Trainee: 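What follows is a single structure, and I will ask about it in a moment.
The structure displayed is predicted, hence computed values, not measured ones. The sequence lines fix the lettering, A, B, ..., with proteins before strands; numbering per chain opens at 1.
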Protein chains: 2
Amino acid sequence: MSEPTQEPQRLRVVVADDQAAVREPLAAVLGLSEDIDVVAAAADGSEVLTAVAAGPVDVVLMDLRMPVMDGIETTRRLGEDYPDVAVVVLTTFADDDSILGALGAGARGYLTKNAGRQDITRAIRAAAAGQSVLDREVQDRLLATVRTKAPEQKQTLPGNLTPREREVFTLIGQGLPNRGIAEKLFVSEATVKTHINNLFAKAGIRDRADAVRRAIEAGLA
Amino acid sequence: MSEPTQEPQRLRVVVADDQAAVREPLAAVLGLSEDIDVVAAAADGSEVLTAVAAGPVDVVLMDLRMPVMDGIETTRRLGEDYPDVAVVVLTTFADDDSILGALGAGARGYLTKNAGRQDITRAIRAAAAGQSVLDREVQDRLLATVRTKAPEQKQTLPGNLTPREREVFTLIGQGLPNRGIAEKLFVSEATVKTHINNLFAKAGIRDRADAVRRAIEAGLA
DNA sequence: CCTCGATTCCACCCGTGGGTCCAGGTGCTG
DNA sequence: CAGCACCTGGACCCACGGGTGGAATCGAGG
């Protein structure tokens, strides 16, 4: 801990955007920062790869919508071949697929195009230092995705379930028929049906199919 | 877009940590930055709230483990009463519960204590500007949580399914009974059963329960 | 033209699932 | 001890699910 964290030399940055009207001014304005060197400007993903292969690069500022090879795929390949190169995404699109795709591919930052020069330079420096900078709305979306999908929610189940009922519920979620559940628990099938009826009533479950979905959502399966 | 984003005046920061041995040096070292004013140092969550109530505060640098009121609960209350105050978490713990709890409570940054001074000041500035800075490992964990739940793989299905069969399959995954599926597709229940039997044979599905699991895994539900 | 795959439908059978009611046994707690 | 919650089991009923076989229409393609 408490490593120096200073970047004594200037950060070597590649700017990637298919629109020259965006790419050129962006590269110019970034070069104004005394600690940033824009070493290349790329119009598509393959140009990014050649630029990175050509010389040492610290950070790639990447647009997502590009011809030939899009930003996500480019990010993925960079992560495989040049894991030390940090990718910061700068795009107009902030939909879930783009965000999850880019971050999942290894991007270390995600900015939308209403970010200012300060925001962009800060994100570049953070990415070079191993941190990750996200736009506020991007973080909100990311969290919303997590919350709906993974909040380890046993809260979606009414807590009144008895241990045995929960156990039966888990086995239903694994797709076992009543007889299979009975054998696994060393009880009669009638008992299993009783438990199922009780827990269905408590949890407001209609179907066995419904039960499977709920069990998976609840993280029991 | 392209707002000024400059913070002309110095950032007013509250440092919160129950250990004086951490809190004091941290406050001192942050004050060295010419754009940061440490306006208060708090030893627990309630001290943070009084400090924020007392004067205008831009950013709270918050430890999670604190007596009286922990960092997550404090963050939550700040979000309710002072939505303009940004919270940056600085803690030794990087487990999923802490991360999701803090970010879910509204924290705009999450650093572990191996972050250097540069990293911390950068995160403070980013948070004040509406961005969010995460440690690399924190982002990785966050993404891992997302990925286990939303991996969008349709490869688990044999490709031989006809469009209609895939459609029926999706509806099964949503827990609909055959009659419901029939109504939704404007066909008879017999037709639905035929499709189901065919796709069950093709995909090697035994049960309806099994089908629900497979549909969810395949990202169709 | 004729075949083949896809889609649509019907009839039949029967196993399982789901609902209801009831009841004996255990163990904890007021 | 009396009550309560839980687990266990049985009996009954009926709807839905799943399997089989057959059949019609239609469009694409040999």
Trainee: Can A/E137 and A/R141 be said to form a salt bridge (charged side-chain N to carboxylate O under 4.0 Å, His left out), step by step?
Mentor: CA-CA 6 Å; A/E137 50 181 324; A/R141 280 185 162 273; 5.8 Å; no
Trainee: What's the CG-C1' distance between A/N178 and D/dG10, to the nearest Å?
Mentor: 15 Å
Trainee: Name the atoms and distances for all side-chain donor-acceptor pairs under 3.5 Å in residues 14-22 of chain B, with sequence neighbours left out.
Mentor:
residue, atom, partner, partner atom, Å
B/D17, OD1, B/Q19, N, 3.0
B/D17, OD2, B/K113, NZ, 3.0

Trainee: Whole-Å distance between C/dG18 P and A/F169 CZ?
Mentor: 12 Å
Trainee: Below 4.0 angstrom, N of the basic side chain to O of the carboxylate: do A/R214 and A/E217 qualify?
Mentor: no
Trainee: Measure from the side-chain heavy atoms of B/R208 and tell me the nearest of D/dT8, D/dG17, C/dG18.
Mentor: D/dG17
Trainee: Please give, in whole Å, the distance from D/dT8 P to A/L185 CG?
Mentor: 8 Å
Trainee: Rounded to whole angstrom units, what separation is found between the CG atom of A/D207 and the C1' atom of C/dT16?
Mentor: 13 Å
Trainee: Quickly work out the B/L199 CG to C/dT8 P distance and round it to whole Å.
Mentor: 13 Å
Trainee: Between A/R164 (CZ) and D/dC7 (C1'), how many Å, whole number?
Mentor: 8 Å
Trainee: Which whole-number value in Å describes the distance from B/R206 CZ to D/dG17 C1'?
Mentor: 16 Å
Trainee: Give, for atom CG of A/L142 and atom CG of B/L143, the distance between the pair rounded to the nearest 0.5 Å.
Mentor: 6.0 Å
Trainee: I'd like to know whether A/E167 forms a salt bridge (charged side-chain N to carboxylate O under 4.0 Å, His left out) with A/R164, so could you lay out the CA-CA distance, the side-chain angles of the two residues, the decisive distance to 0.1 Å, and finally the verdict.
Mentor: CA-CA 5 Å; A/E167 201 170 358; A/R164 202 56 160 174; 3.1 Å; yes
Trainee: Rounded to the Å, how far apart are A/N198 CG and C/dC21 C1'?
Mentor: 12 Å
Trainee: Salt-bridged, A/R76 to A/E73, with N to O below 4.0 Å?
Mentor: yes
Trainee: Might you list the N or O atoms of the protein lying below 3.5 Å from N or O atoms in nucleotides 9-15 of chain C, with each pair's distance?
Mentor:
residue, atom, partner, partner atom, Å
C/dC9, OP2, B/S188, N, 2.6
C/dC9, OP2, B/T191, OG1, 2.9
C/dC9, O5', B/T191, OG1, 3.2
C/dC9, N4, B/T194, OG1, 3.0

Trainee: Examine C/dG19: is either OP1 or OP2 under 4.0 Å from a nitrogen or oxygen in the side chain of A/N197? Give yes or no.
Mentor: yes
Trainee: Taking A/K193 first and then A/E189, would you say they form a salt bridge - that is, a charged N and a carboxylate O separated by under 4.0 Å?
Mentor: no
Trainee: Of the listed nucleotides (D/dT8, C/dG17, C/dT8), which one gets closest to any side-chain atom of B/H195?
Mentor: C/dT8
